[in-house]
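Everything below concerns the one structure shown next.
Remember, predicted model here, so these are calculated numbers, not experimental data. Every chain is numbered from 1 and lettered A, B, ... according to where its sequence line falls, protein lines coming before strand lines.
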Amino acid sequence: MSFSAILINWYLKNKRELPWRKTSDPYKIWLSEIILQQTRVEQGLPYYLKFIQRFPDVKKLANANEDEVMKLWQGLGYYSRARNLHFTAKEIATKHNGKFPLHYHEIRALKGIGDYTAAAIASFAYNLPYAVVDGNVMRILSRYLGINEAIDSAVGKKMLTEAAQEFLDVKNPALYNQAIMEFGATYCVPLKPDCEKCPFNNSCEAFRLKKVNELPYKSKKTKITKRYFHYFILDYKGKTYLYKRKSGDIWQGLYEFLLHEAKSQLEFDELLKSQLLKDVAKHSKMGLIKTSSIKKHILSHQHIFAQFYHIHLNKPFINKRYIEVPFETLNNYALPRLIHRYLEEEKIL
DNA sequence: TACGCGTGGAA
DNA sequence: TTTCCAAGCGT
């Protein structure tokens, strides 16, 4: 049997039932692909269902305002996906007469859609012969072919892209692409795949050379930079103040409280101990502070450490960059997961 | 071209 | 606790 035949055979017996696999609507497939970028199915699925319910078609999405889209995306991360999704929905509504484009190069030209997503949409929705090359495919092919070239290098990516296109079953692009990704996601997994029962173990180079746990090879190591945030939850007569984050950093377009970011853990700890009130006053120009009403709380979110302070003001906080928000309506705004979780824990939401 | 962008789960 | 990973993309 051919590679494709074995793969598709495996898929038909082992595939998961997922909502975006029951449709050929390019809008729904597009939405699912954007949500699933760098995101696990279990994490993305509830968001897909929410979005389909609220925006059943591309025109509904195009007619929404960006804040609502961001609010629905809240907690999923990589928020530029949501902004680009909304931007492209408007593009399709205006420049494509509300119809999702039918050809690969038109699809590929849309903002937020790269090589992978364009191939996914073109094949899943229209059965066009474009091979998907994602993390799953690169892992499978680098193992199967015994490719030692780093998959995060240009050379390695090129090798695997060409291999993927050769392996593609041009008679069944949609089925084949779904199958190879599902096989990577659930069987040829990064850690400890069950090679003994693998349908390819008689022809897999990595298995033959006992190099499965070394492939795919990556040259770069993931680096995590720790950051230290102090948030000041200002309260003047039951209202608080929010700032909409700008580009050039995380959480673009999301709302947050008055922030001071410490440059080091030392500064974070120092501010915590003594400099707090001075710095707050300097930062916010808010005048007097009732120190007795300050509450503290620390949340860790992998690499961001945040401290929250509740501060009652004796006069309003005047700053044109901030909007005044009654506490009861806080949940109408798209907030970073970290802040949202804190507000829930403190029963503020 | 290399890097930054979120979050949650697993080891 | 730390590191790595998961259906990538824009700049």
| query | Hey, does the side chain of A:Q43 come within less than 4.0 Å of B:dT7's phosphate (OP1/OP2), counting only N and O? | reply | no
| query | Between A:R143 and A:L215, is there a donor-acceptor pair closer than 3.5 Å when you use the side chain of the first and the backbone of the second? | reply | yes
| Which residues within residues 8-34 of chain A lie with some heavy atom under 4.0 Å of an atom in DNA chain C? | A:R16, A:L18, A:W20, A:R21, A:E33
| request: Take atom NZ of A:K244 as the centre, draw a 6.0 Å sphere, and report whether it contains more than 12 heavy atoms from other residues, nucleotides or ligands. | output: yes
| query | What is the distance, rounded to the nearest whole Å, between atom CZ of A:F87 and atom P of C:dG10? | reply | 11 Å
| Atom CG of A:D249 and atom P of B:dC3: how far apart are they, to the nearest Å? | 18 Å
| A:W251 side chain near B:dT7 phosphate (N/O to OP1/OP2, under 4.0 Å) | yes
| Rounded distance in Å - OH (A:Y78) to P (C:dC5) | 13 Å
| query | Do the side-chain N or O atoms of A:K223 get closer than 4.0 angstrom to the phosphate oxygens (OP1, OP2) of B:dG4? | reply | yes
| Sub-4.0 Å heavy-atom contacts from residues 144-168 of chain A onto DNA chain C, ordered by number | none
| field | P atoms of C:dT1 and B:dG6, separation to the nearest Å | value | 24 Å
| said: Of the options C:dC9, C:dC4, B:dT7, whose atoms approach the side-chain atoms of A:Y79 most closely? | reply: B:dT7
Please produce a list of atom pairs where a protein N or O lies less than 3.5 Å from an N or O of nucleotides 9-11 of chain B.
from  : atom 1 : to     : atom 2 : distance (Å)
B:dG9 : O6     : A:Q302 : NE2    : 3.4

| field | Donor-acceptor pair, side chain of A:T329 and main chain of A:V325, under 3.5 angstrom | value | no
| message | Of the options B:dG8, C:dT3, B:dG6, whose atoms approach the side-chain atoms of A:T222 most closely? | response | C:dT3
| query | Considering heavy-atom distances to DNA chain C, does A:I224 or A:N84 have its closest nucleotide positioned more toward the 5' end? | reply | A:I224
| request: Hey, which sits more toward the 5' end of DNA chain B by its nearest nucleotide, A:K220 or A:S80? | output: A:K220
| said: Could you check whether A:K239 makes a cation-pi contact with A:Y236, meaning its NZ or CZ is under 6.0 Å from the centre of the six-membered ring and within 45° of the ring axis? | reply: no
| So does A:R341 get a side-chain nitrogen or oxygen closer than 4.0 Å to the phosphate oxygens (OP1/OP2) of B:dG8? | yes
